[in-house]
Amino acid sequence: MLEEHTRQVEKFWEIFSRQDMNKIREFDTFMEKFAVNFNLYKDGQFVEQFLPFDVIPRIISAKMYSELERGLQQRVETLNLFLEDIYTEQRIIKEGIIPEYFVYEAAGYQKSLKGHSPFKGIRTHISGIDLVLDSKSGKWIILEDNLRVPSGVSYPLSVRNAYRRIFPEFFEKMHIKPIDTYPQMLKETIDYVNCGGINVVLTPGRFNSAYYEHSYLANQVGAVLVRGDELIVEDKMLYLRHFDGQKIKVGAVYRRLDDEFLDPEYYNPESLIGVPGIMEAYFAGNVSILDAPGNGIADDKGIYYFVPQMTRFYLGEEPILENAPTYLPYFEKDMDYVLANLSTLVIKDVAEAGGYGVQFGSKLTPLQQEDLKTLIKKDPRRFIAQELIEFFDEECYLNEQFLPRKADFRAYVTMTDKVKVWPCGLTRYAMEEGNYLVNSSQGGGFKDTWVLEDKDA
Amino acid sequence: MHRQYLTANRAHNLYWLGRHIKRIEIEIVAIDKTFNQIIDKNKEAGREFFAKLDIELKYQNALEYLEECMYGNHEGRMYDIIQNARENAIIARNYLQQDAFTAIIELHQLFKKSENSLNGIDYQFIDTVLGIIIRIWGAMHQFLKYQSSYDFIRLGQLVEKVDLSIRLDEQMEFALLRIADIDKLALQLNSHYQKEKLSGLKCSKILDKVNDKINLIVTDKIY
């Protein structure tokens, strides 16, 4: 598979060598012109900045994509079945596949949602699955499942538009799969579970880091972009408050805020960005919320360990995509291994995301290692340990130099009666050599991802 | 054409976008005029103009006057107005045509980059600003004219025209004609809107009433 990948990459470089490198600056002009921003707070100040973009794309051959696609479909189908089961019958606990303790102690498990099944039984409407290409085996390895509010899709979508205009030759000669299908996939997903009424995208507001994305996606799918205070619940129905005083019924909410902030009457009473009563409308079946509340249990890094077993349990199939070799200190056997090999492992706090709570044993001093061991022994459920995966280095053109950088890949998957994988994704690379943390919140940049059509296979 | 759904917040954003861009347009034309007057006949022309807006402006010569208008430390500085316009455009970008949106961003970038330019700003800056504003209006008119989002932008334009015509020139006749246009547009946007009789009122009262019209169109009531 890697040989085929190499052939495609060579073709890219052949075309690339003919291009005017000065044109790379046009990407910055494009980002500036269309205000393709990523917002953050630095020292308490709101800062709008561009997400760093690298012009060398990640190239995925048709054959490689085909396997990836099947694996991702299987993964999301599995996770949806798990979520539906865990909030209803809990067969997977009863059958002893996952210890009860692991579910009930997970920060993402919401006991109060037990017994409620969302419209059409779909919970993983939009998923972002993080993978890396293992340079040793040449296989894709799943690092994380994001089933709550996966972000980032707007950046490759926006930049592709620019890429086609700035360097059209690649798209003429390389048969790259079109990616403008995503808005349609997303619209179908929202429409499929719409309970009658309009579609809205619920944003925390202008100062959220991903506001550009919220606005962009709402526009692409023809939904209304709203803040929580622009919606109202009456008689278990959700309405948009129109400027002239009319109430417009809302049938589906693509929310871009976490469960905790969704409804101050149900979750955090301090939340100012949610919609009071929206959960009541949801439980009554009058509105769909995408992704479903409660999905955080499947994002939990401790639960991740069990996904291959879930696939066997629910689908009766062997997993197509592998997890990174993972150890749960909760199990005595794994605890012994983790404590003995801490210096070579990656330790993750199960409740953290976005690159936070990740510690590389090799980078810790002996004293820090001992401290970490104490923490693990004290609260084994809080940690997982993984073998360090040597990510495939992606070539980057940084400061007019070609440099290898670790890169991961977030695949976007939508679910209706079918599970669809978008033939692109967000390739994120680390800014510094040897760094494995590629998250945007950790200073990482992004690349376009080119999935090639069959004719190039 | 699909029905356009607009919340009160978005209606306000569009209204203020219309006002801010119109304010830049009207004021920049007036600044150009006073700039010329400062060069050859009346050094006080700029101070007199800004005094009508209750702003005290300090400058030594025509070029310094331009710099002060755009970036001076006062409430009417143009850079702040374009920053407000950009903010409203970003929040309400889904209701704007792409060319109009990108032109607003370009206008803001022009102000931002010129602020620290070594050469300062000159008459060409004014010409460029006016050129971009014409593009903004053109794009809005061409693509949005049948949408209520555009009606709110137009409402902002009209209110700003009336506001500045009263404050700068005290053209009451012109203002009353425009107020009739505002009432027509307001009724089109909200059938519950009720117009008020303004003739006979003092200028300052009319100004207050006109500026408050948006609150009679956009409501917190639920029907």
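This is a predicted model, so every value here is computed, not measured. Below, chains carry the letters A, B, ... as their sequence lines are ordered, and counting in each starts from 1.
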In terms of side-chain geometry, is the basic nitrogen of [X] or [Y] positioned less than 4.0 Å from the acidic oxygen of its partner?
X      : Y      : result
A/R25  : A/D28  : no
B/K213 : B/D183 : yes
B/D208 : B/K205 : no

(message) Applying the side-chain contact (heavy atoms from CB on, under 4.5 Å) criterion to A/V253, which one of A/V201, A/L290, A/V287 satisfies it?
(response) A/V287

Let me know if [X] has heavy atoms under 4.5 Å from chain A in its side chain, its backbone, both or neither.
X      : value
B/Q109 : side chain
B/I90  : both
B/Y193 : neither
B/R86  : side chain
B/F101 : side chain

Sort [X] into side chain, backbone, both or neither according to what part of it lies under 4.5 angstrom from a heavy atom of chain B.
X      : result
A/F207 : side chain
A/E48  : side chain
A/L240 : side chain
A/Y239 : neither
A/R206 : side chain

(request) May I ask you to check whether B/Y15 and B/R19 show a side-chain donor-acceptor distance below 3.5 Å? (result) yes

(message) For B/H20 and B/W16, I'd like to know if the aromatic rings sit close, meaning centre-to-centre distance below 6.0 Å.
(response) yes

(message) Please report whether the ring centroid of A/F446 lies less than 6.0 Å from that of A/F53.
(response) yes

(request) May I ask you to decide if the ring planes of A/Y212 and A/Y216 are parallel, tilted or perpendicular, using 30° and 60° as cut-offs? (result) tilted

(message) If you compare all heavy atoms of B/L63 against all heavy atoms of B/I121, which two are closest, and at what distance to 0.1 Å?
(response) CD2-O, 3.5 Å

(message) Let's test your reading of the structure: which of A/I248, A/L225, A/V224 forms the most heavy-atom pairs below 4.5 Å with chain B?
(response) A/I248

(request) Please determine, among A/Q246, A/H242, A/K33, the option with the most heavy-atom pairs under 4.5 Å with chain B. (result) A/H242

(message) Using a 4.5 angstrom heavy-atom cutoff, name the option from B/H108, B/E87, B/H12 with the most pairs to chain A.
(response) B/E87

